[in-house]
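In what follows, chains are A, B, ... by sequence order, proteins preceding strands, each numbered from 1. What's counted below: heavy atoms across the whole structure, side chains too, no hydrogens, waters or symmetry copies.
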Amino acid sequence: MRIATWNVNSVGARLPRLLDWLQTREPDVVALQETKTNEAGFPTAEVEALGYQVMHVGDGRWNGVAVLSRVGLEPVSRQLPGMTEPRYAVADCGGLRTVSVYVPNGRSVDDPHYAYKLDWFAELRRTLDDQDPAQPLVIMGDFNVARTDADVWDIKKFDGSTHVTPPERAALESLIDWGLVDVTARPGKNDRPFTYWDYRAGMFHKDLGMRIDYVLLSPSVTVQDAYVDREARKGTGPSDHAPIVVDVTLP
DNA sequence: ATGTCCGTAACCTACGGA
């Protein structure tokens with residue numbers, strides 16, 4: 001089974017590239033983030049025409065997550081308990097419980113949005129208390145946290161910034177510590193692990209990026225291959241994130 | 001790195017958000 005996660009930064013703006021990517025990469029299960037549209041705005045018919053079932057949670061101009069599957073899709077949850085924004089979608093896909101997450105950005109450490117981000121993480125961790133550890137599970141998406149200093153292009157530039165603070169890292173770690181594997185992709189350009197590059201200042205060209213997207217997977221699931229699909233970040237009209245593509249074998 | 005891109009509301013540009 002091939003699974004993938006991609007922050008598309010608007011499914012509307014990315015539609016031609018998304019459809020092309022689905023046809024060339026042929027993932028079985030896909031988690032999307034930042035669809036930036038409501039239910040009516042999601043290109044359900046176009047995606048279904050490629051053989052996928054669709055679960056989308058979105059309410060307008062910001063956020064929005066989806067799960068696509070061509071190996072069956074049974075919706076499980078459309079909302080993180082206590083959180084109203086559309087940042088969380090869960091579906092069972094071909095025996096794999098699939099969670100698409102778009103963790104709040106945090107903005108700055110003194111912004112209320114930072115506290116909201118940590119609260120959001122805590123709620124996400126809480127959902128695992130009700131999760132059967134024997135059920136193959138993947139939580140994938142945009143976590144807006146760089147797990148280590150090596151996951152940003154220059155840690156010195158991040159003094160006082162979000163995405164690298166100990167509380168954010170501890171929150172991400174708490175998910176892994178529950179019993180999930182942070183799937184390691186093949187090394188990318190310059191042996192860096194990045195999944196996101198700012199649009200500005202030629203950051204992608206200079207490979208000044210961040211690893212803030214993750215595939216957190218049950219250890220019972222075997223990983224055959226994993227890579228960051230940099231090709232999807234190139235050319236005209238890309239998202240600022242690249243997909244992560246992982247080939248797995250379920251137990 | 002603050003150099004771009006997204007959607008929206010309201011216009012043909014400004015803004016919030018990332």
Side-chain angles (χ1 to χ4, degrees), chain A residues 5-21 31-44 46 56-66 83-88 100-121 140-146 149-165 168 171-172 188-190 192-214 228 230-244:
Chain A
T5 182
W6 192 10
N7 180 324
V8 290
N9 186 18
S10 170
V11 73
R14 219 62 59 213
L15 184 57
R17 291 189 71 126
L18 173 64
L19 297 177
D20 180 67
W21 179 82
L32 300 178
Q33 300 86 38
E34 282 207 85
T35 60
K36 290 188 172 178
T37 190
N38 56 22
E39 294 312 298
F42 194 89
T44 302
E46 290 90 333
H56 175 246
V57 185
D59 64 7
R61 75 189 291 191
W62 291 308
N63 313 309
V65 292
M83 301 293 170
T84 55
E85 290 184 318
R87 296 175 174 274
Y88 176 84
S100 179
V101 295
Y102 176 46
V103 176
N105 175 283
R107 300 180 188 173
S108 63
V109 291
D110 57 356
D111 192 295
H113 213 254
Y114 177 79
Y116 168 55
K117 179 180 193 174
L118 296 177
D119 289 345
W120 203 94
F121 260 121
M140 53 184 171
D142 178 356
F143 290 75
N144 272 314
V145 176
D149 289 356
D151 293 323
V152 298
W153 79 89
D154 183 356
I155 191 61
K156 294 191 292 294
K157 299 284 201 301
F158 284 78
D159 189 29
S161 298
T162 59
H163 293 61
V164 298
T165 67
E168 290 167 281
L172 174 59
K189 187 182 180 185
N190 307 317
R192 315 290 313 248
F194 305 143
T195 63
Y196 160 86
W197 301 260
D198 197 294
Y199 283 122
R200 293 169 287 193
M203 299 286 273
F204 178 69
H205 180 70
K206 292 184 268 190
D207 199 27
L208 302 180
M210 304 169 72
R211 184 170 82 112
I212 54 176
D213 302 87
Y214 297 84
V228 176
R230 290 176 49 90
E231 294 305 312
R233 181 63 179 78
K234 298 178 181 177
T236 306
S239 169
D240 42 3
H241 293 250
I244 305 170

Measuring only the C1' atom in each nucleotide, how far is B/dC15 from B/dA10? A whole number of Å is fine. 11 Å

Any side-chain heavy-atom pair from A/Gln33 and A/Thr5 closer than 4.5 angstrom? yes

So, A/Asn105 versus A/Lys117: side-chain donor-acceptor pair below 3.5 Å or not? no

Could you measure the distance from the OG1 atom of A/Thr165 to the CG atom of A/Leu118? Nearest 0.5 Å is fine. 6.5 Å

Aromatic plane relationship, A/Trp6 with A/Trp21 - under 30° parallel, 30 to 60° tilted, over 60° perpendicular: tilted

Tell me whether the count of non-hydrogen atoms from other residues, nucleotides or ligands lying under 6.0 Å of CG in A/Asp154 goes above 12. yes

Single hit among A/His205, A/Arg230, A/Lys206, A/His241 for side-chain contact (heavy atoms from CB on, under 4.5 Å) with A/Trp197: A/Arg230

Say we look at B/dT8 and B/dG3: how far apart would their C1' atoms be, to the nearest angstrom? 24 Å

Using a cut-off of 4.0 Å between protein heavy atoms and nucleotide atoms, how would you tag nucleotides 5-18 of chain B 5' to 3' with B, S and -? SSBB--------SB

Distance check, P atoms only: B/dA1 and B/dA14, in whole angstrom units. 28 Å

Whole-Å P distance, B/dC12 and B/dG17: 22 Å

